[in-house]
Number of protein chains: 2
Amino acid sequence: MNKGKHTKQQILATALNVATATSLNDLTIGGLATVTGMSKSGLFGHFNSKENLQLEVLEYAQTIFIESVIVPTNQVKPALDKLLLTIECWLDWYQSQGNSCIFVAASVEFDDQPGVVRDLVKKRLQKWLAYLTGMVEQAIDEGSMRGDAKQIVFELYSLYLGSEHMAWVGFEDAQHSRFKLALKSLISRHQHN
Amino acid sequence: MNKGKHTKQQILATALNVATATSLNDLTIGGLATVTGMSKSGLFGHFNSKENLQLEVLEYAQTIFIESVIVPTNQVKPALDKLLLTIECWLDWYQSQGNSCIFVAASVEFDDQPGVVRDLVKKRLQKWLAYLTGMVEQAIDEGSMRGDAKQIVFELYSLYLGSEHMAWVGFEDAQHSRFKLALKSLISRHQHN
DNA sequence: TATGAAAACGAACGTTCGTACTTTTTAGTG
DNA sequence: CACTAAAAAGTACGAACGTTCGTTTTCATA
């Protein structure tokens with residue numbers, strides 16, 4: 001790999017950490033340069049605009065996400081098992097990111113800010129929801145689940161968001177027991193015996 | 001009312017609109033001055049710091065919220081009816097704010113930014129969750145509901161967050177039918193016959 | 001090893017923002 | 001009406017940020 005591509009990957013790795021811990025806007029070029037031990041302009045040259053930096057950070061986050069939760073479950077069957085394992089990997093990934101999801105955070109940050117960043121965030125979240133929905137649909141097709149796939153995913157994703165939010169607020173056991181309990185209930189309600 | 005207090009209320013009203021539509025950080029003093037037709041320093045004099053402005057906007061939002069969803073349900077009994085009406089008012093208020101909640105947005109914006117603003121946001125959300133929990137507990141005491149009050153509130157609030165988030169993403173019917181359907185299911189699962 | 005391109009640097013610019021200071025205008029009161 | 005305190009305006013400053021430009025250093029390769 002070229003030197004340039006190599007350092008760029010390093011930059012993106014720490015940039016993702018910073019952006020996840022703070023936000024895509026608080027991810028400042030000068031600050032990122034300091035953290036990575038580079039000069040502002042030297043770092044800037046890799047992206048040529050802050051917007052591009054933000055986009056590339058999101059793309060980088062996406063590759064990490066895919067490696068962490070899509071790939072490890074790729075060959076799992078049947079669909080219900082795959083779904084459950086995916087949720088586990090999803091939570092592990094979420095935890096590895098310091099208990100926050102940059103896509104969810106960015107969706108709040110950019111929801112009123114038209115542009116390519118917002119479009120990308122929305123697209124990624126749509127893809128993820130569609131992916132989950134597809135798995136549930138397949139589980140239904142296989143006869144191991146029943147109900148409306150989209151409604152199930154709606155409730156599943158809601159629990160994820162609720163867990164993230166209420167854990168921050170300090171709601172009792174929001175992060176662990178409450179989510180798993182609700183998830184168990186959700187699954188069993190839509191499971192075929 | 002003094003002239004000062006009067007214009008301050010006007011400022012806060014439009015400030016809440018701006019902050020809800022964008023964010024508490026994007027709520028800029030100069031911009032707010034332009035919108036309200038004042039000078040930057042004239043407006044600044046009412047708050048003496050941006051942090052105070054943010055705090056007062058949140059307090060103002062709180063008073064609106066109380067007027068909109070706490071007061072109208074204050075005398076309703078039994079607790080289950082009060083809970084259902086509260087949820088209705090809650091959604092109405094949410095819609096009146098342009099389908100976004102400044103407290104939720106601020107919780108994401110300030111989650112990593114220690115200070116009085118973050119503390120206030122967290123406190124308000126805690127109070128709201130405790131308020132909901134209290135109502136559910138009372139409904140349980142009255143024999144019209146059963147289950148773990150906190151778990152029920154956890155799932156209820158999760159659905160609210162999911163509805164807000166997924167409506168933005170464009171998930172089918174997230175905002176209306178899906179929330180109400182899930183809510184109905186949640187209630188009926190914990191209702192005593 | 002020599003060379004040209006890529007990468008990194010240093011300094012500076014334009015803009016935006018919060019804030020401080022001073023002055024002018026407004027409004028309430030004796 | 002006069003007077004004073006509050007409210008609003010005008011101006012300015014310093015810091016932070018994204019970005020540009022010219023230069024220097026590093027690296028891959030011939």
Side-chain angles (χ1 to χ4, degrees), chain A residues 1-19 21-58 60 105-106 109-110 112-118 120, chain B residues 1-19 21-58 60 105-106 109-110 112-118 120:
Chain A
M1 176 156 37
N2 282 346
K3 168 119 192 290
K5 300 290 176 190
H6 180 259
T7 59
K8 188 168 181 175
Q9 286 301 107
Q10 272 189 293
I11 292 173
L12 284 175
T14 74
L16 176 58
N17 287 337
V18 173
T22 61
S23 81
L24 274 177
N25 282 331
D26 290 343
L27 175 66
T28 210
I29 290 181
L32 186 57
T34 301
V35 172
T36 55
M38 291 184 64
S39 69
K40 219 169 41 152
S41 50
L43 190 143
F44 183 83
H46 284 281
F47 305 96
N48 295 311
S49 83
K50 176 157 189 182
E51 195 175 54
N52 278 332
L53 169 62
Q54 294 173 325
L55 288 175
E56 298 220 36
V57 168
L58 287 173
Y60 181 80
E109 199 172 4
F110 287 87
D112 45 43
Q113 192 171 325
V116 286
V117 176
R118 184 178 74 164
L120 179 60
Chain B
M1 177 156 38
N2 283 347
K3 167 121 193 287
K5 299 290 175 190
H6 181 258
T7 60
K8 189 168 180 176
Q9 286 299 107
Q10 272 189 292
I11 292 172
L12 285 174
T14 73
L16 176 57
N17 288 336
V18 172
T22 61
S23 82
L24 274 176
N25 282 331
D26 290 343
L27 175 67
T28 211
I29 291 181
L32 186 57
T34 301
V35 172
T36 55
M38 292 183 63
S39 69
K40 214 165 52 147
S41 50
L43 190 143
F44 182 83
H46 284 281
F47 305 96
N48 296 312
S49 84
K50 176 158 187 180
E51 195 175 54
N52 278 333
L53 169 62
Q54 294 173 325
L55 288 175
E56 298 220 36
V57 167
L58 288 173
Y60 181 79
E109 197 172 6
F110 287 86
D112 45 44
Q113 194 172 322
V116 286
V117 176
R118 184 178 75 165
L120 179 59

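Just so you know, these numbers come straight off a predicted model, no measurement behind them. Proteins get letters first, then strands, A, B, ... in listed order; numbering begins at 1 in each.
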Using atom [atom1] of [X] as one end and atom [atom2] of [N] as the other, report the distance to the nearest whole Å.
X	N	atom1	atom2	answer
A/Lys5	D/dC27	NZ	P	17 Å
B/Met38	D/dA8	CE	P	4 Å
B/Leu43	D/dG10	CG	P	14 Å
A/Phe47	D/dT20	CZ	P	15 Å
B/Asn25	C/dG18	CG	P	9 Å
B/His6	C/dG28	NE2	P	12 Å
A/Leu32	D/dC17	CG	C1'	14 Å
B/Glu51	C/dC17	CD	P	19 Å

Is there a donor-acceptor pair under 3.5 Å between the side chain of [X] and the backbone N or O of [Y]?
X	Y	value
A/Ser23	A/Ala19	no
B/Thr28	B/Gly31	no
B/Glu109	B/Asn25	yes
B/Lys50	B/Leu27	yes

Exercise for review: Please state whether the phosphate of C/dG18, meaning OP1 or OP2, lies under 4.0 angstrom from any side-chain nitrogen or oxygen of B/Thr28.
Suggested key: yes

Any idea which of [options] is nearest the [X] side chain?
X	options	value
B/Phe44	C/dA8, D/dA9, C/dA20	C/dA20
A/Ser49	C/dT19, D/dT19, C/dA8	D/dT19
B/His46	D/dA8, D/dT19, C/dC17	D/dA8

Practice item. Look up atom CZ in B/Arg118 and atom CG in B/Asp112, then write down how far apart they are to the nearest 0.5 Å. Key: 8.0 Å

Point to revise | B/His46 vs B/Thr7 side-chain heavy atoms within contact, under 4.5 Å | key: yes

Below 3.5 Å between N/O atoms, which protein atoms pair up with nucleotides 10-12 of chain C? Just atom names and distances, please.
{"unit_1": "C/dG10", "atom_1": "N7", "unit_2": "A/Ser41", "atom_2": "OG", "d": "2.9"}
{"unit_1": "C/dG10", "atom_1": "O6", "unit_2": "A/Ser41", "atom_2": "OG", "d": "2.6"}

Point to revise | Over all atoms of both residues, closest heavy-atom pair of A/Lys8 and A/Phe47 | key: CE-CE2, 3.8 Å

